[in-house]
Amino acid sequence: MSASIEPSVFSRIVAREIPADIVFENEHIIAFRDIAPKAPVHILIVPKTEDYRDVTELAAGDPALLAELIATAQQLADQHSAGEFRLVFNTGSSAGQTIFHVHAHLLGGHLPEGTLGN
Ligand code: 5GP
């Protein structure tokens, strides 16, 4: 569960306190373009709840929501990157996580060959 008192940047996007290029939204999930894209298509897919800091907490706490997030990734990739994509969950600061409100990076378009990172 989240220990933070302030809403996360992503909760502030959900609340429309911070503008974002939103490409998908339903009751549980919001998706918007990353402000600093690392690929031709770089969309963040975010559960609206900030109860889960990272993907391992989400998998343990609400596997159905994780499955919905992944189905959303496929839907967005169908619309934005010919159905193919890389999904990245940075988990922990040494792995590059900076926002501790679980989110997936959907990367698509022509990604450089031979790399796993973004
Ligand atoms: P992390 O480093 O936690 O895996 O990913 C956080 C991502 O959020 C980064 O790729 C960063 O560019 C993006 N980001 C941070 N602040 C904002 C913002 O205000 N708007 C948008 N659209 N993306 C943001």
Side-chain angles (χ1 to χ4, degrees):
M1 292 302 209
S2 171
S4 64
I5 296 162
E6 294 295 315
S8 73
V9 170
F10 296 156
S11 291
R12 297 187 66 203
I13 288 173
V14 171
R16 304 302 197 271
E17 291 170 13
I18 297 176
D21 184 356
I22 296 168
V23 295
F24 174 85
E25 183 170 24
N26 71 12
E27 191 186 344
H28 307 125
I29 289 174
I30 191 166
F32 46 87
R33 293 187 193 277
D34 197 292
I35 204 167
K38 303 293 194 299
V41 176
H42 187 170
I43 293 170
L44 299 174
I45 309 173
V46 186
K48 287 185 172 177
T49 173
E50 62 177 293
D51 281 352
Y52 308 106
R53 286 167 55 85
D54 60 41
V55 68
T56 63
E57 287 193 4
L58 178 60
D62 193 343
L65 182 54
L66 176 58
E68 186 180 347
L69 186 152
I70 290 171
T72 302
Q74 180 66 69
Q75 243 181 64
L76 289 168
D78 289 345
Q79 292 165 13
H80 297 275
S81 65
E84 299 184 343
F85 61 97
R86 177 179 297 161
L87 204 59
V88 173
F89 292 91
N90 294 328
T91 305
S93 51
S94 73
Q97 188 174 6
T98 57
I99 297 181
F100 291 84
H101 173 161
V102 62
H103 55 281
H105 296 256
L106 172 71
L107 302 165
H110 289 280
L111 302 177
E113 285 180 26
T115 65
L116 275 180
N118 62 348

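Ligands are counted one by one from 1 in listed order, and the atoms in each one are counted from 1 as well. Worth saying up front: this structure is predicted, and the values here are computed from it rather than measured.
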message: Let me check something: do Val9 and Phe100 share a hydrophobic cluster, defined by ILVMFWY side-chain heavy atoms less than 4.5 Å apart, either directly or through other members?
response: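 Cluster IDs for Val9 and Phe100 differ.
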task: Please name all residues satisfying side chain to side chain donor-acceptor pair (under 3.5 Å) with Thr91, sequence neighbours left out, ordered by chain then number.
output: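 Side chain to side chain donor-acceptor pair (under 3.5 Å) check on Thr91 returns nothing, list empty.
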- request: Applying side chain to side chain donor-acceptor pair (under 3.5 Å), name anything that partners Asp62, two or more places apart in sequence or on another chain.
  value: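 In terms of side chain to side chain donor-acceptor pair (under 3.5 Å), with neighbours along the sequence ignored, Asp62 is linked to no residue.
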Short N or O separations between ligand 1 and the protein, below 3.5 Å:
unit_1	atom_1	unit_2	atom_2	d
ligand 1	2 (O)	Gly96	O	2.8
ligand 1	2 (O)	Thr98	N	3.3
ligand 1	2 (O)	Thr98	OG1	2.9
ligand 1	3 (O)	Thr98	N	2.7
ligand 1	3 (O)	Thr98	OG1	3.2
ligand 1	3 (O)	Ile99	N	2.9
ligand 1	3 (O)	His103	NE2	3.1
ligand 1	4 (O)	Asn90	ND2	2.9
ligand 1	4 (O)	His103	NE2	3.0
ligand 1	4 (O)	His105	NE2	2.8
ligand 1	5 (O)	His103	NE2	3.0
ligand 1	5 (O)	His105	NE2	3.2
ligand 1	10 (O)	Asp34	OD1	3.3
ligand 1	10 (O)	Asp34	OD2	2.5
ligand 1	12 (O)	Asp34	OD1	2.6
ligand 1	22 (N)	Arg33	O	2.9
ligand 1	22 (N)	Ile35	N	3.4
ligand 1	23 (N)	Ile35	N	3.3

query: Does the distance from a Lys or Arg side-chain N to an Asp or Glu carboxylate O, for Lys48 and Glu27, drop under 4.0 Å?
result: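 The answer is no: the pair does not qualify as a salt bridge.
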query: Considering residues at least two apart in sequence or located in another chain, which fulfil the side chain to side chain contact (heavy atoms under 4.5 Å, CB included) criterion with Val46?
result: Phe10, Ile30, Phe32, Leu44, His101, His103
field: From Lys38 atom NZ to Arg86 atom CZ, the distance as rounded to the nearest 0.5 Å
entry: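 Between atom NZ of Lys38 and atom CZ of Arg86 there are 13.5 Å.
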